[in-house]
2 protein chains.
Amino acid sequence: MARTARLSSSLIVSTALDLVDRHGVDALTMRALARALGADPMAVYRHVRDKEALLGALCDAVLADLDRFDPDRPWRGQLERFAWQLRDSLAARPSLAAVLAGAPVTPAALALTQQAVVLMTGQGVPLDVAAGGLATVFAYVIGFAVTEASLPDPAEGRDELRRAALHHLGDPETEPPHLDTALRLVEQPADFGFGLELILEGLERRVPPTGSSRDADGS
Amino acid sequence: MARTARLSSSLIVSTALDLVDRHGVDALTMRALARALGADPMAVYRHVRDKEALLGALCDAVLADLDRFDPDRPWRGQLERFAWQLRDSLAARPSLAAVLAGAPVTPAALALTQQAVVLMTGQGVPLDVAAGGLATVFAYVIGFAVTEASLPDPAEGRDELRRAALHHLGDPETEPPHLDTALRLVEQPADFGFGLELILEGLERRVPPTGSSRDADGS
DNA sequence: ACCTGAACACCGTTCAAGT
DNA sequence: ACCTGAACACCGTTCAAGT
């Protein structure tokens with residue numbers, strides 16, 4: 001019966017992530033976290049420097065949960081899977097997208113980057129293409145996830161949005177063409193796969209062709 | 001001598017933006033804003049619903065400050081200029097990038113989208129390509145700007161970052177290849193133009209060729 | 001030496017009291 | 001009717017007092 005359930009960093013992180021999953025990152029206060037842990041509000045500070053470090057640890061946990069890169073399988077499919085997995089993970093906890101955007105350099109991010117560089121350069125992708133490609137994919141996924149998470153409730157103030165937009169357009173007498181199309185575009189989530197395909201396709205076109213039809217297999 | 005300098009929404013927004021430019025968004029508190037305006041802390045609430053609305057108005061002002069799209073000039077160059085302008089604007093006030101990411105639907109955003117749809121479809125870009133392209137460019141710029149603004153001070157805790165990353169990689173006995181390369185990649189700002197080029201190039205390839213060599217000029 | 005919780009210095013916002 | 005500022009309900013974090 002001895003309550004030896006001491007606090008640990010991993011317990012703190014998993015409890016905090018659970019709080020974020022259920023009630024959003026705004027509900028993650030040091031006091032609420034301590035309550036969920038059944039501990040004193042200050043006990044958490046024994047294991048975590050401050051709240052910023054706690055949020056960084058959450059981001060690291062999310063990234064560490066993604067599949068590793070396998071250097072023996074084609075890079076393009078793996079980069080695509082990585083992008084979808086990260087997007088899905090952030091879509092499941094929307095409020096964390098902005099947090100990850102604000103703390104992108106974590107140990108797991110470094111580990112993933114190292115594996116991706118090995119994967120891509122090992123398969124003939126020039127280093128600068130691999131570097132630019134990784135940065136592009138990451139920026140795209142983050143930007144997409146944060147934007148998607150921040151879409152306002154449709155119809156919420158749509159009339160005012162329209163009116164104010166018309167004012168920006170110089171209050172024309174006739175309705176500007178495609179205004180309703182544009183309204184739909186900014187209100188609806190976009191097609192994640194479309195932009196990802198643009199990026200991956202561009203990367204593939206920057207990989208010099210291998211001389212023969214196969215040269216990595218069987219050596 | 002009568003102090004008739006009444007508050008107005010535009011004065012509030014420009015004063016708030018100035019505060020953000022000089023001291024970052026964290027320094028933008030309702031109290032500090034009122035102080036900068038020489039007004040009572042609560043006077044701002046006469047013109048702005050709450051702080052979220054104030055931040056939204058700041059984002060709108062940043063977007064409204066960008067060049068308009070001109071339907072008579074090539075879409076690709078204008079989309080490229082838009083991306084660079086927005087990136088530069090956010091690089092000049094880094095802390096606002098995350099705010100814009102969290103409030104992407106504003107009147108100016110709608111106006112820009114409407115103009116971009118007119119521009120692109122008017123020059124033969126299929127609507128779904130234009131829609132996907134705009135969303136992709138926006139997500140990329142936002143994600144890039146937020147990530148760039150959040151890069152930690154290099155060398156700040158680099159050793160701990162390395163050690164923790166090695167732990168994620170399974171504590172190998174030999175140094176994983178390209179780890180220093182990866183460290184450089186996650187610490188340094190990436191090449192904004194590279195990813196933008198990937199996206200624009202992919203869009204261009206999705207525009208069906210016009211029948212003759214010229215058909216929009218002179219008509 | 002470690003842990004606790006009262007207290008500090010904020011914050012956004014409400015609301016009753018003034019003009 | 002409009003404007004003000006004291007007050008409320010928080011927050012992250014410090015630090016002195018306990019074990």
Side-chain angles (χ1 to χ4, degrees), chain A residues 1-13 15-20 22-60 95-96 98-103 150 152 156-157, chain B residues 1-13 15-20 22-60 95-96 98-103 150 152 156-157:
Chain A
M1 269 321 188
R3 294 276 261 80
T4 51
R6 317 290 300 113
L7 256 42
S8 71
S9 291
S10 65
L11 180 63
I12 288 174
V13 167
T15 304
L17 205 49
D18 183 60
L19 255 171
V20 170
R22 285 188 299 153
H23 302 112
V25 77
D26 287 343
L28 178 65
T29 68
M30 298 305 267
R31 285 169 168 89
L33 176 59
R35 203 177 316 126
L37 287 161
D40 183 89
M42 292 307 101
V44 178
Y45 283 92
R46 282 283 123 202
H47 301 84
V48 171
R49 192 173 58 247
D50 54 18
K51 190 171 186 185
E52 187 185 332
L54 172 66
L55 292 174
L58 293 193
C59 295
D60 195 59
S95 64
L96 205 64
V99 179
L100 178 58
S150 305
E156 161 108 15
Chain B
M1 269 318 188
R3 295 275 261 83
T4 52
R6 316 292 298 114
L7 255 45
S8 70
S9 291
S10 65
L11 180 63
I12 288 174
V13 167
T15 304
L17 205 48
D18 183 61
L19 256 171
V20 170
R22 286 188 299 153
H23 302 112
V25 77
D26 287 343
L28 178 64
T29 69
M30 299 304 269
R31 285 170 169 88
L33 176 58
R35 202 178 316 128
L37 288 162
D40 183 89
M42 292 306 101
V44 178
Y45 283 92
R46 281 285 123 202
H47 302 83
V48 171
R49 191 174 57 248
D50 54 18
K51 189 168 186 185
E52 187 184 333
L54 172 66
L55 292 174
L58 293 193
C59 295
D60 195 59
S95 64
L96 205 64
V99 179
L100 178 58
S150 306
E156 161 108 14

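Basis for what follows: all heavy atoms, side chains included, without hydrogens, waters or symmetry-related copies. Residue numbers start from 1 in every chain, and the chains themselves are labelled A, B, ... in the order their sequence lines are given, proteins ahead of strands.
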(request) Would you give the length of the straight line joining atom CZ of Arg35(A) to atom CG of Leu19(A), rounded to the nearest 0.5 angstrom? (result) 9.0 Å

(message) If I take atom CZ in residue Arg35(A) and atom C1' in nucleotide dC11(D), what distance separates them, rounded to the nearest angstrom?
(response) 12 Å

(message) Starting the side chain at C-beta, find the nucleotide from dT13(C), dT4(C), dG12(D) nearest to Thr29(A).
(response) dG12(D)

(message) Nearest 0.5 Å, please: how far is CG in Leu54(B) from CZ in Arg49(B)?
(response) 11.0 Å

(message) Suppose we define a pair by two distances each less than 3.5 Å, Watson-Crick or G-U wobble; what does dA9(D) pair with here?
(response) none

(message) Rounded to whole Å, how long is the line connecting atom CG of Asp40(A) with atom C1' of dG12(D)?
(response) 14 Å

(message) I need the residues from residues 46-55 of chain A with at least one non-hydrogen atom less than 4.0 Å from DNA chain D; give them sorted by number, or say none.
(response) Asp50(A), Lys51(A)

(message) Counting C-beta onward and ignoring hydrogens, is there a side-chain heavy-atom pair between Val99(A) and Val20(A) closer than 4.5 Å?
(response) no

(message) Counting only side-chain heavy atoms from C-beta out, which of dT4(D), dA6(C), dA7(D) sits nearest to Met42(A)?
(response) dA6(C)

(request) Measure the CZ-CE distance between Arg31(B) and Met42(B) for me, rounded to the nearest 0.5 Å. (result) 6.5 Å

(message) Nearest whole Å is fine: how far is dC15(C) P from Tyr45(B) OH?
(response) 13 Å

(request) Return the value, rounded to whole Å, for the distance between atom CZ of Arg31(A) and atom P of dC11(C). (result) 16 Å

(request) Return the value, rounded to whole Å, for the distance between atom CG of Leu33(A) and atom P of dT13(D). (result) 12 Å

(message) Which nucleotide, if any, forms a Watson-Crick or G-U wobble pair with dA16(D), using both distances under 3.5 Å?
(response) dT4(C)

(request) Working to the nearest 0.5 Å, report the span between NE2 of His23(B) and CG of Leu28(B). (result) 12.0 Å

(message) Is there a side-chain contact between Leu7(A) and Arg46(A) in this structure, where contact means two heavy atoms from C-beta onward sitting under 4.5 Å apart?
(response) no

